Amino acid sequence: MPGEPEVRLPDTPATPLPAETGPPPEGRLVRVLPEPARIGRAFDYSVPDATDGPLEVGSMVRVALAGRPVGGWVLECDVTPPDGVTLQPIRKITGHGPPAEVIDLCRWAARRWAGRLATFLTTASPHRAVPALPNPPTPGPPPTASEAEIAEVVAAALEHPVATLRLAPAADPLGAVLAGLAQRWEQGPGLVVVPEHAQAAQLTRALRRAGVTAVPYDRAWAAAKAGGSTVVGTRAAAFSPQGDLGVVVIVDEHDESLQEEGSPSWHAREVLVERCARLGVPLLLISPVPSQEAVALGPVLSLSRSAERSGWPPIDLIDLRAEDPRVGLFHPRIVAAARAAHRPVFVLNRTGRSRLSICRNCSATATCERCDAAVSRLETGIFTCPRCAHERPEVCLACRGTAFANLRLGVSRVVEEASALLGVDVAEATGASGGRDGLPEGGPVVGTEAVLHRAGSADLVVFLDFDQELLAPRYRAAEQALALLARAARLVGPRAGGGRVIVPTREPEHPVLHAAVLADPDRAVAAERSRRQLPAPPPSGAVAEIAGQAAPAYVERLTPLLDDVPDAQLLNPEDGRWLLRAPGWQQLSALLDQVERPPGRLRLRVDPLRL
DNA sequence: CGGACAAGCTGA
DNA sequence: CAGCTTGTCCGG
């Protein structure tokens, strides 16, 4: 049979005409950014007239991309698609998404922290679809005035675009939050951001009791978008969809939980500074130990000296320089105080490799002469600073002695020692071990700093190795150490409550300890600023960490651009990651923005928490 | 992100 | 040269 080839193979399609135009698309045309952040591009779709659901910038939709369904956000309505593309209809409108104002804020954040827009939009979007918004509540009267002194200080703070209210750790921030809300009642409800989920839940309840319509951000996104309610949430609430903000308050502004640990390493405080500036809404920061960023952003206001003092418990220092470095962790004063306490809490920070060199002659801790970090002995005879890499011979800076003892600590040994000394069982609460319910009601507990979150209440906190904190090889070590003392102070309660904090130390003159003992955080801030001449950490300088499998390719593209930015420097600290420094985040972000991202995994963290 | 397809390595 | 891996490109 001389049959003709009747089957046309599908792999040789007729070449489509370049300007092939289908039927004109029906309905409106929208530009959609797909949810998967790696895609990173927007695509145009048509919206059939019959589609129901809210259609506006920010709406969440489902579309087909390369034949498979994905979620996405409408970034623009009524767009003009590029020539030659045939639009597909969107599959459905899923529901409400972040408003245009928040999308712009996300664009800013994506640039600021060298992240992707989709990552921020995910943070700013509801967890579940919101097809319709509830009715906003009818506005009620402002909450009744707080204590006069608080109301007055808050009023003064709200005169500024950004101001910090320094409130002692054991003081309840509720009064200040209420005062802030009341004073801006006419302009709209508030947004209150706190570090921890439990704090958000507790503050929401307290605000409701005070007559404020408050909703938790994580469970009431729809109510937040509907407006009229004060929103309380953790850092993601910085992107709350409220359209009618009257005031923004951040409680415990210094807390590291306000910064995302991963990449992009965005910080709720910085996001809200930008958002408030755009909206002309005042931002009130509250903290017992304001960060240097807060200090740089505006005035720091405080209550009277006596009011602040009363909100810190007594903090007792034990000067270990007078003791034999081998005396052990439990000074007789600690044992006596712990025996008298109902629930003593012992904090031992790192479970493993904490190591200090102690001068055998004068008991001073060996530190870096340039930056004050505790030095380590990488090779015999030479101290190396893990923070600034400065090297010096093994000589005591205080007494010129050359013999050093190596101090090491471990949690299990401490539990044993404490049990023996106190004659009772001592519970252990490390970060790894279980939930908060594992701890008995009273009695002594030993743990890492996580124990300060889990102990529930305590009438005594003892820091067993606070010098490790004070001298840690990190930027911000001093700030973090003071924050730790504030956390302990909050657990123990106000001065009148009978609790106390004990800090054995070889650094009793350290400004951080002075600040806590005198309940005067100003002292630590002043010291921190004048202390060292290192490349400046935030807020006076900016650092980005470039890591991940695609880091070398990224650095290769970045390097030629460095010539135009004389103040930027690129450092490679050996382990496959790079650090990029610039005088400020503006220069840093602008530089990173010019680099085209190479394919592959890349971790880009601007101003990371820890380096 | 996930599929499509192109360019490289291995084994008879 | 099939058969598989690894890489690059692209989606409306």
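Values in this document were obtained by computation on a predicted structure and should not be read as measured data. Order of the sequence lines fixes the chain letters, A, B, ..., with proteins taken first and strands second; residue numbering starts at 1 for each chain.
Remark: A/W113 engages A/W108 in a ring pair (Phe, Tyr, Trp, His ring centres under 6.0 Å) (not counting sequence neighbours). In terms of the side-chain contact (heavy atoms from CB on, under 4.5 Å) criterion, residue partners of A/R28 (sequence neighbours excluded) are, by chain and number, A/L55, A/C77, A/D78.
For DNA chain B, the span of nucleotides reached by chain A at under 4.0 Å from its heavy atoms goes, 5' to 3', from B/dC1 to B/dG3.
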Report all side-chain donor-acceptor pairs from residues 213-223 of chain A shorter than 3.5 Å, counting only partners two or more places apart or in another chain.
unit_1	atom_1	unit_2	atom_2	d
A/D218	OD2	A/H197	NE2	2.6
A/W221	NE1	A/A124	O	3.2

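Under the side-chain hydrogen bond (donor to acceptor under 3.5 Å, both in side chains) criterion, no residue pair touches residues 551-566 of chain A, with sequence neighbours excluded.
A/L272 contributes atom CG, which lies 10.0 Å from atom NE2 of A/H267 (distance to the nearest 0.5 angstrom).
The minimum heavy-atom distance linking A/A114 with A/L604 is given by the pair CB-CD2, 3.5 Å.
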Expected rows: protein N/O vs nucleotides 7-12 of chain C N/O, under 3.5 Å:
unit_1	atom_1	unit_2	atom_2	d
C/dG11	N7	A/R41	NH1	3.3
C/dG12	OP1	A/Q88	NE2	3.2
C/dG12	O3'	A/D44	O	2.7
C/dG12	O3'	A/Q88	N	3.0
C/dG12	N2	A/D44	OD2	3.4
C/dG12	N3	A/D44	N	3.3

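Within a 6.0 Å sphere centred on CD of A/Q202, other residues, nucleotides and ligands contribute 12 heavy atoms or fewer.
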